[in-house]
Amino acid sequence: MSAFRSVATELLRPSTFTSTRATPTLRTLGNPNSLRLIQQRRQLSDEARKKIDDVVKENPLVLFMKGTPDLPQCGFSRAVCQILEVQGVSLEKIVAFNCLEDQELREGIKEYSSWPTIPQVYLQGEFVGGCDIMLQMHQSGELEKMLLEAKLVEAEPGAEA
């Protein structure tokens, strides 16, 4: 079993994410549209937020995606995996979580980052972005610098440090 699967299985099992719903306030109770929106919006529990926070801070590269790095189930997730591969990041260095396996994680990670889409990449505890940001950073050379600083890739012989 690869590293990302064992971490995902142990730390972010579907049963570890409990759903909490926003409580309507007196101000929103009179407005049926507000109440409906509150009921539809899921909030990330403190426990789930802490687990995500711990995973993101304890691992140099974390990827929340649809599918797995060896079997992405969405074109954007595939593109991020390909960018990391082109940059020279080995699969063993990616701690990945399949957001399709857990609906609360799928919605909760969006709330955690305040970013509306998946995939999401975290590097050295910081949110980097999604597919579009990763592509821009790859094209500009910024991603390579960040990956070198995080020691996730090695500089090519003869390349300036």
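Numbers for residues simply follow the sequence, beginning at 1.
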Locate the shortest heavy-atom distance separating Leu100 from Arg106; write the atom from each residue and the value. CD2-NH1, 3.5 Å
Does Lys50 form a salt bridge (Lys or Arg N to Asp or Glu O under 4.0 Å) with Asp54? I'd like the steps, not just the answer. CA-CA 6 Å; Lys50 181 175 179 353; Asp54 290 346; 2.9 Å; yes
Would you mind checking if Glu107 and Lys110 are paired as a salt bridge, meaning a charged N to carboxylate O distance below 4.0 Å? yes
Would you indicate whether the side-chain heavy atoms of [Y] and [X] approach each other to under 4.5 Å?
X	Y	value
Phe76	Ile118	no
Cys81	Leu63	yes
Leu105	Ile52	yes
Leu152	Ile94	no
Ile109	Tyr122	yes

Side chain Ser77, main chain Met65, donor-acceptor under 3.5 Å: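 Checked: no pair found.
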Please list, one pair per line, the donor and acceptor atoms closer than 3.5 Å that link side chains of residues 126-138 to other protein atoms, with sequence neighbours excluded.
| residue | atom | partner | partner atom | Å |
| --- | --- | --- | --- | --- |
| His138 | ND1 | Gln87 | NE2 | 2.6 |

Under the criterion salt bridge (Lys or Arg N to Asp or Glu O under 4.0 Å), I'd like the reasoning laid out for Lys57 against Asp53: C-alpha separation, chi angles, the key distance, then a yes or no. CA-CA 6 Å; Lys57 289 181 179 174; Asp53 206 36; 3.2 Å; yes
Run Met146 and Gln124 through side chain to side chain contact (heavy atoms under 4.5 Å, CB included) and show every step you take. CA-CA 9 Å; Met146 291 175 72; Gln124 294 185 310; over 6 Å; no
Between OG1 of Thr68 and CD of Gln73, what distance do you get to the nearest 0.5 Å? 7.0 Å
Qualifying residues under side-chain hydrogen bond (donor to acceptor under 3.5 Å, both in side chains), relative to Lys145, sequence neighbours excluded: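 Once residues adjacent in sequence are excluded, Lys145 has no partner under the side-chain hydrogen bond (donor to acceptor under 3.5 Å, both in side chains) criterion.
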Assess whether side chain to side chain contact (heavy atoms under 4.5 Å, CB included) is satisfied between Val56 and Phe64, documenting all intermediate values. CA-CA 10 Å; Val56 165; Phe64 292 92; 4.1 Å; yes
